[in-house]
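Numbers here are sequence positions counted from 1. For ligands, and for the atoms within them, numbers begin at 1 and follow the listed sequence. None of the values given here were measured: they were computed from a predicted structure.
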Amino acid sequence: MNTILTGDRPTGQLHLGHYVGSLKTRVTMQEEENNQLFVMVADMQALTDNAKNPEKVSANVLQVALDYLAVGLDPNKTTMFIQSQIPQLAELTMYYLNLVSVARVRRNPTVKTEIEQKNFGEGVPAGFFIYPVSQAADITAFKANLVPVGEDQKPMLEQTQEIVHSFNSTYNKEVLVQPKAVLPPKGMGRLPGIDGQGKMSKSLGNGIYLADSADILKKKVMSMYTDPNHIHVADPGQVEGNMVFTYLDVFGQDKAYIEELKAHYRRGGLGDVKIKRYLIDVLEAEFAPIRARREEFAKDPQAVMDILRQGSLEAEKVAAETLAEVKRAMGIQYF
Ligand code: TRP
């Protein structure tokens, strides 16, 4: 039996990078027998660097939930919930913070990079600085043994593993479960943006979103970065670093045909518009049903929030049990 927990910060809609890197794996895991899956909208974590504009976070809770439902996460099989509605997570964080040194928190390479990117310096909010500890609370509250995440989250898992070890040995009881990261399938971890300038991301504005209409998807593919030296159809073109081929490798099913296209493109005589049209077909085949499901759920936001409310009630029960065990182990379950 596997208990799986993962989540996303609700700071924007989810895009194709999230889809290949993580959402698809979750749906597969959901369908396997003996898997108990928890998927969390991590609004508390999102607030650690958005305290001054909470509406950016709260407004995206529904958007992320719609993305979950659209890709096929099913509330009858998977518990979807909102982090801030589970107060036990904040409590656990307080106890875990006592097992972690400031020096150790400072070493986290992902947080380090984020602090630099956001130009926080010494002004970094304390909550942001320690969010890996809060993430350890998320994972351990559900006794998750598997945590599907991207490469950048490996340091969070290491921090969690250390906290689990420290807790169990300090309080002399095997209360917390050691989690393992489940990384994205090979080559699916870092989908570049349509501009080819780096990982698909909201801040770079280079994403294709699950919520994008067919029209927008088409426009985005048509504007994709290809080979700037491939000016005339007859010119030989470069496949490496050409986003159309990068995406075809990730999303295309007909690998043999894609290899033929590549050879033709390299030889010359194959235009960008042709390969872009083919990519649009490939993407539509996968994302049209997802978009349609998203639109259907979006008609009734109240029903979606009800799914999250039910999920949060279920999640709270599990977290409350773990918290009680934690407090007993620490000898602070007074009454
Ligand atoms: N840090 C994750 C992200 O930025 C979100 C997250 C919060 C998470 N808590 C988690 C992921 C626990 C896995 C497990 O997307």
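- The protein atom (non-hydrogen) at minimum distance from atom 7 (C) of ligand 1 is Gln45 NE2, 3.2 Å.
- A salt bridge is defined here as a Lys NZ or Arg NE, NH1 or NH2 lying under 4.0 Å from an Asp or Glu carboxylate O, and Glu158 with Arg107 fails to meet this definition.
- The shortest contact between atom 15 (O) of ligand 1 and any protein heavy atom is with Gly7 O, 3.9 Å.
- Residue Met40 approaches ligand 1 through these ligand atoms, each under 4.0 Å from one of its heavy atoms: 7 (C), 9 (N), 10 (C).
- Counting the atoms of ligand 1 from 1 in the order shown, those under 4.0 Å from a heavy atom of Ala42 are 7 (C).
- Contacts of Gln83 with ligand 1, taken as heavy-atom pairs under 4.0 Å, are absent altogether.
- Classification of Glu325 and Lys143 as a salt-bridged pair holds, one side-chain N sitting under 4.0 Å from a carboxylate O.
- Between Glu259 and Lys262, at least one side-chain N (NZ, or NE/NH1/NH2) sits under 4.0 Å from a carboxylate O, which counts as a salt bridge.
- If you look at Met156 next to ligand 1, there are no close heavy atoms at all, none under 4.0 Å.
- Judged purely by atom type and a 3.5 angstrom limit, Glu151 has no side-chain atom pairing as donor or acceptor with the backbone of Gly189.
- Within ligand 1, the atoms closer than 4.0 Å to a non-hydrogen atom of Val147 are 13 (C), 14 (C), numbered from 1 in the order shown.
- Nearest residue to atom 13 (C) of ligand 1 from Val149, Asp43, Thr160, Leu89 is Val149 (criterion: closest heavy atom).
- In the candidate list Leu157, Leu5, Asp138, Asp152, Leu5 is nearest to atom 14 (C) of ligand 1, counting heavy atoms.
- Checked against a 6.0 Å centroid threshold, the rings of Phe142 and Phe81 count as neighbours.
- Regarding atom 10 (C) of ligand 1, its nearest protein heavy-atom neighbour is Gln135 CG, 3.4 Å.
- Salt-bridge check for Asp215 with Lys218: failed, with every basic side-chain N at 4.0 Å or more from each acidic carboxylate O.
- Side-chain contact between Ile86 and Ser312: present, with at least one pair of heavy atoms (C-beta onward) separated by less than 4.5 Å.
- Under 4.0 Å is where a charged nitrogen must lie from a carboxylate oxygen, and between Arg266 and Glu240 at least one such pair does.
- Remark: minimum distance from atom 4 (O) of ligand 1 to any protein heavy atom is reached at Arg9 NE, 3.2 Å.
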